[in-house]
Structure formats: structure tokens, C-alpha cells
Amino acid sequence: MPPSFDVRLDDLTGARAESREAAQDSDSILAGPPSELGVNKSPTRQNQRYGDDASPTRHSPAKVARRAGSQGYSPPQPWAPTTKAAGDDASPARQSQHHGDGACSTHPVLGDERTFYIETFGCQMNVHDSEKVAGVLLGRGYQQVETVDAAKLVFYNTCSIREKAAQKVFSRLGEFRKHPDHGKVIGVLGCVAQQEGEEIFERAPWVSLVCGSASYSKLPTLLAQLEAGNRRVTGLDTDTDETFETEMTRRDNPFRAYLTIIEGCDKSCSYCVVPYTRGPERSRSSASVLEEVRKLAGAGYSEIQLLGQTVNSYRDPAPRGKTFAELLVTVAAVPGIRRVRFTTSHPRDFGRDIVEAIDSVPALCDHVHLPVQSGSTRVLRAMQRTYTREEYLDKIALIRSARRPISVTSDIIVGFPGETERDVAETLSLLDAAQYDGVFAFQYSPRPNTASLQMGDSIPEEEKGRRLAIVQDRQREIQVARNNELVGQTFEVLVDGASRRPGQWTGRSSSNRILNFSSPHSDLLGQYIQVRATGASPNSLVGEQII
Ligand code: 5AD
Ligand code: SF4
């Protein structure tokens with residue numbers, strides 16, 4: 001889920017289950033920053049994003065226990081996926097509506113059985129949306145369970161950023177075909193819901209709810225309709241100016257709280273479905289953000305991660321509202337808050353004031369995720385990224401001019417239509433120039449409703465794979481060198497996982513590096529401690545607690 005620079009110890013109880021799942025999906029690379037979507041992809045040997053867009057996160061009460069290091073937990077086992085592929089022919093309805101009355105054999109009613117299971121695919125925004133959905137359900141008297149089998153209501157919160165990610169939900173839904181008498185009420189949330197709309201009912205008639213993220217504020221109404229016995233309900237508006245704020249959010253991580261400050265995206269990168277699936281940008285008022293931060297601090301959270309597809313495009317809707325940099329400073333000043341992260345930043349809106357804020361406020365984490373996507377100005381133009389290679393590198397220079405070192409991570413797409421060998425060479429030379437601490441690299445995936453769909457998909461998959469490997473190899477070399485330079489340094493680490501091996505722990509630095517370390521102490525979870533790095537791998541550091 002949250003950004004990581006790599007692998008945790010193999011036998012860590014904290015993050016291991018998530019890491020393994022993510023690793024299976026990983027089409028990308030090294031290191032684990034969030035992606036432009038604030039993606040959470042977990043570490044693998046060489047390609048550690050925490051929580052790939054395509055990687056499921058199961059939101060179960062046990063997760064908290066796992067993170068808290070409880071022993072002997074076995075991850076929930078939903079039915080294994082077998083079926084195939086979402087098509088790209090989206091034709092979502094735009095209205096919130098309900099269809100038909102009463103139950104039928106393929107549409108069990110909710111009745112009094114109030115148990116739910118939710119599985120999340122994709123970015124941190126999705127993970128956090130699921131936390132909010134869980135909050136809505138808990139507020140209505142539902143109980144969260146760990147497996148599909150144990151649930152009456154089954155929700156999939158989906159991702160459609162790349163085709164592989166979108167296919168996953170149809171695999172999950174296909175499992176119900178094998179169990180026609182499952183007796184469950186099934187809902188599809190998120191980007192695939194928005195993209196495919198009511199066609200989901202055609203492909204999986206046993207689904208009862210389809211709701212895109214821009215319509216989550218309607219969820220209570222939609223749930224009430226389901227509880228009243230409606231067979232099918234949809235929420236597919238994207239023209240809402242509402243953000244999804246709930247009375248109660250069920251947070252899965254006991255130390256770090258996610259908080260969405262801006263939803264949707266107004267940029268129109270030619271390859272990206274997000275503006276279509278998540279709608280236009282809507283910022284929360286700084287007053288409501290601060291109120292929630294105070295509550296979170298009161299509840300014991302010491303680290304806040306502010307989320308948005310383009311988090312630094314934040315515009316306070318209040319008159320004479322705060323700039324994004326001012327909001328960062330104010331959030332960091334809330335008593336009890338020790339760390340503030342933010343993701344994902346768009347280069348166009350990344351200014352000196354953000355660097356100055358990080359420089360002057362120690363609680364602002366020294367990490368910026370600033371996706372470049374390509375090192376070639378020609379490709380950047382085709383991607384409609386709104387900056388040139390040189391302008392991007394100026395932003396990097398700005399970050400490097402800070403008084404304290406700030407780690408920088410990025411996203412790269414290879415195989416964009418028309419990308420030449422020369423363009424790839426420019427991406428490689430940008431990696432050298434930017435000296436990232438982590439990169440997520442992806443093979444271009446044509447998506448419905450995007451401008452680049454018209455450009456064809458001219459680079460064969462095999463060639464995309466070759467380019468991906470070249471980018472990954474170069475970045476790995478850079479990370480090896482950078483991490484080796486950190487050996488001997490001391491980091492303040494928030495401990496968030498325990499190993500089954502006694503005395504072994506894991507945590508993250510402010511710069512979001514993962515440190516796997518030894519300590520003679522027990523009960524370190526949630527504590528901030530000093531760790532000296534004694535060794536390095538491409539994606540993480542090993543160390544020992546300084547006593
Ligand atoms: N194909 C491949 N990668 C994509 N991304 C977004 N859209 C696509 C696509 N169509 C990548 C970008 C973005 C990250 C979240 O996913 O690098 O920053
Ligand atoms: Fe990021 Fe561009 Fe997609 Fe917006 S349109 S989410 S800026 S990649």
C-alpha cells in the first residue's frame with residue numbers, strides 16, 4: 001500500500017501477505033514509491049511497488065492484527081480467479097438509478113445478514129476509498145469479515161489504469177458462476193465500475209451494485225435500496241462536485257492514516273483513464289482536512305499521508321484558502337503529528353514553495369513522488385504531459401537545491417505509441433540525470449476513452465517488455481549505488497512490522513526507505529527509533545537499532 005523502497009524481510013508478519021500478492025501482478029519495476037495514482041505496490045525482489053494498481057488488498061480486520069505483528073495469521077482465501085478479461089468497450093450509464101424490484105434467483109437480497117467482505121485493487125486512493133466504504137457499512141451495522149465465504153455482501157473495489165488490472169475483477173466475478181447458489185449480494189466499485197457501467201450486469205448478471213468512485217457519496221442511498229430488496233443499483237455520475245467524506249472511516253493501518261485532499265484529475269494525459277473514471281478535480285476545504293487531522297492525531301495516528309491523483313494541484317475551495325504548501329505546513333503543525341507525506345505530485349504544479357516547506361518543517365517527509373513518464377520531449381508532448389524534459393529536470397534541480405536531501409521517485413511508461421529507440425535512450429539518460437531513489441515502470445496499455453487510443457498500439461508487447469527490462473536494469477544500478485552511499489547513516493524509523501525471527505523488525509524512514517533491522521527491544525511497533533544502516537540492497541537497507 002504505502003510507498004516502499006523495497007522488500008521487507010521474508011518472514012515479516014507485517015507486510016508479507018500484501019507483498020506477495022503484489023509481486024505476482026507486478027509488470028513494473030524496482031523500488032516502491034507511490035505512482036501517479038498514489039499507487040501502492042508491494043515489494044518484490046527487484047520490482048517493489050507497494051500495491052500495484054492491479055494488486056489486490058483485502059480489507060479485513062485481521063490486517064490490523066497482522067500489521068501489529070500477531071503470529072499465525074493466514075491470509076483470507078477468496079475463490080481462486082480463473083475467468084477472463086474485461087473488454088475495452090465501455091459504455092457507462094451516467095445516472096444513478098435502480099433496476100427492478102425484489103429478489104430473483106441470481107439476486108439474493110441482503111435481508112438481515114449484515115456481513116461484508118471488501119477486496120481492493122489498485123492505488124492508495126482506492127485503498128483509502130475502501131476504508132471509507134467500510135466505515136459507511138460499519139455505520140449501518142454491518143460486520144466486516146475476512147473471506148468471501150463468510151460474507152453476505154461482497155464488494156470489489158476495482159482499478160482500470162492498465163488492462164491487466166481491469167481484468168482482475170472479472171476473474172473474481174467469474175468465480176461466482178461456479179457457485180450459482182452463492183446467496184451473496186455482490187457489488188463492483190471503483191474505476192472498472194465507472195468504465196464498464198451497466199455492462200457489468202450483462203457480463204456478470206449476479207452483480208447487484210455498480211458504483212464509480214465519483215458517486216460514493218450516494219453509497220448509503222444505494223445500500224438502502226439494496227436492503228429494501230432492489231435487484232440492481234448503480235451510481236455512475238462523474239459530474240459531481242462532491243468529495244467522498246464519511247462520518248466514519250475504518251482505517252487499516254494503525255500508524256499511518258490516509259486522507260484524500262483532492263479527488264479526480266483535470267489533467268488530460270493522453271494515455272490515462274483517470275480523468276474519465278474519477279471525474280474532475282474536487283478539493284476538500286482545508287478546514288475540513290485539518291479537523292480530520294486533529295481527530296486522527298487524537299486517535300493516536302502520528303503519520304498522515306495526504307492523497308490525490310495530483311495532490312499538489314490542491315485548491316482550497318474556501319475564500320482566501322490555503323495553497324497546497326500552506327496546507328502541508330498547517331497539517332504538520334497539528335500536535336501529535338510527526339510525519340506528513342503526500343502523493344502524487346504533478347510536475348506542472350510543483351513549485352519552490354513546496355520545497356521551502358519541506359526544508360523548513362521537519363515533520364514534512366523528505367520524499368517527493370514526481371512521475372516523469374518519459375525522458376523524451378517528443379513523447380511527453382504526445383502524452384500531453386504539459387512539460388518538456390528540460391522543464392522536468394528543472395523541477396528536479398529545484399528539489400536537489402533543498403538544504404536537506406529529499407528523495408525523489410517516479411513513474412515511467414515504456415512502449416507508448418510511436419516511441420523510438422532514441423526516445424528510450426532519452427528516458428535512460430533522464431534516469432541518470434534525475435538519480436531517482438525508486439521508479440515504477442510500466443508497459444503502455446491502451447485504455448478505453450483515452451486520446452492515445454487513436455494512436456494505435458504500435459510497439460509489440462515483446463518489444464515493450466524488452467524496453468521495460470532495460471529501464472529497470474538501469475534504475476537498479478542507480479539504486480544500488482545510491483543505497484550503498486547510505487550505509488553508515490542513521491535514520492529515524494517508524495516501526496511498522498515485526499519479523500517472526502525474534503529481534504528483527506521493519507520500518508520506514510521519513511524518506512520512505514524501508515529499513516529491515518535488528519533490535520534487542522520488544523514492543524517496538526508504532527515507535528520512532530534511530531536505526532543505523534549497515535547494508536544495502538537495490539530496494540532497501542538493513543540496519544541495527546542504535547541503543
Ligand atoms: N498504460 C501504462 N501505464 C499507465 N499509467 C497510467 N496510465 C497508463 C497506461 N495506459 C501509469 C503512469 C501513472 C501510473 C499510475 O500508471 O505511469 O503515473
Ligand atoms: Fe496522472 Fe495524467 Fe492520469 Fe491525471 S491524467 S491521473 S495527471 S497520469
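Everything numeric in this text was worked out from a predicted model, so none of it was measured. In listed order, ligands and their atoms are each counted from 1.
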Quiz item: What atoms of ligand 1 come closer than 4.0 angstrom to any heavy atom of Arg447?
Solution: 10 (N)

Quiz prompt | Part of Pro275 with heavy atoms under 4.0 Å of ligand 2, whether side chain, backbone, both or neither | solution = side chain

Quiz item: Between the side chains of His369 and Asp411, does any donor sit under 3.5 Å from an acceptor?
Solution: yes

Quiz item: Is any side-chain heavy atom of Gln373 closer than 4.5 Å to a side-chain heavy atom of Ile412?
Solution: no

Quiz item: Are any N, O or S atoms from Cys272 nearer to atom 3 (Fe) of ligand 2 than 2.8 Å?
Solution: yes

Exercise. Have a look at ligand 2 and work out which part of Gln309, if any, has a heavy atom under 4.0 Å from it: side chain, backbone, both or neither.
Key: side chain

Practice problem: Verify the distance criterion only: is there a donor paired with an acceptor across the side chains of Ser509 and Ser511 at less than 3.5 Å? | Solution: yes

Self-check item: Per-atom contacts of ligand 1 with Ile161, taking only distances under 4.0 Å to non-hydrogen atoms
Solution: 5 (N), 6 (C), 7 (N), 8 (C), 9 (C), 10 (N), 16 (O)

Quiz item: Short check: any N/O/S atom of Cys269 below 2.8 Å from atom 2 (Fe) of ligand 2?
Solution: yes

Quiz item: Taking atom CG of Asn157 and atom OG of Ser130, what is their separation to the nearest 0.5 Å?
Solution: 3.5 Å

Exercise. Check side-chain hydrogen bond (donor to acceptor under 3.5 Å, both in side chains) between Glu263 and all other residues, then give those that pass, not counting sequence neighbours.
Key: Arg282

Quiz item: For ligand 2, which atoms, with element, lie under 4.0 Å from some heavy atom of Lys267?
Solution: 5 (S), 7 (S)

Quiz item: Measuring from Glu419:CD to Arg467:CZ, what's the distance to the nearest 0.5 Å?
Solution: 5.0 Å

Exercise. Give the numbers and elements of all ligand 2 atoms closer than 4.0 Å to a heavy atom of His346.
Key: 7 (S)

Quiz item: Under 6.0 Å from the six-membered ring centre of Phe170 and within 45° of its axis: does the NZ or CZ of Arg203 meet both?
Solution: yes

Exercise. Mark yes or no for whether Thr330, through its side chain, and Glu326, through its backbone, hold a donor-acceptor pair below 3.5 Å.
Key: yes

Quiz prompt | Heavy-atom nearest option to atom 18 (O) of ligand 1, drawn from Ile412, Thr344, Ile413, Asp411 | solution = Asp411

Quiz item: Tyr444 heavy atoms, cut-off 4.0 Å: which ligand 1 atoms fall inside?
Solution: 1 (N), 2 (C)

Practice problem: Consider only side-chain N and O atoms of Ser452 and Tyr444, and report whether a donor and an acceptor are under 3.5 Å apart. | Solution: yes

Practice problem: Please determine if atom 4 (Fe) of ligand 2 has an N/O/S atom from Cys265 lying under 2.8 Å away. | Solution: yes

Exercise. Determine whether the side chain, the backbone, both or neither of Tyr271 has a heavy atom under 4.0 Å from any heavy atom of ligand 1.
Key: both

Quiz item: Closest heavy-atom contact between Ser313 and Asp349?
Solution: OG-OD2, 2.6 Å

Self-check item: Atom pair CD1 (Ile413) and CZ (Phe442), whose distance is rounded to the nearest 0.5 Å
Solution: 7.5 Å

Practice problem: Mark up the atoms of ligand 1 that fall under 4.0 Å of a heavy atom belonging to Gln373, in ascending order. | Solution: 12 (C), 13 (C), 17 (O), 18 (O)

Quiz item: For ligand 2, which part of Thr344 has a heavy atom less than 4.0 Å away: the side chain, the backbone, both, or neither?
Solution: neither

Quiz item: Which of the atoms of ligand 2 are close to Thr310, meaning less than 4.0 Å from one of its heavy atoms?
Solution: 7 (S)

Exercise. May I ask you to list the atoms of ligand 2 that are less than 4.0 angstrom from any heavy atom of Tyr271?
Key: 8 (S)

Practice problem: Run the contact test for Arg385 against ligand 2 with a 4.0 Å cut-off on heavy atoms, strictly below, and give the result. | Solution: yes

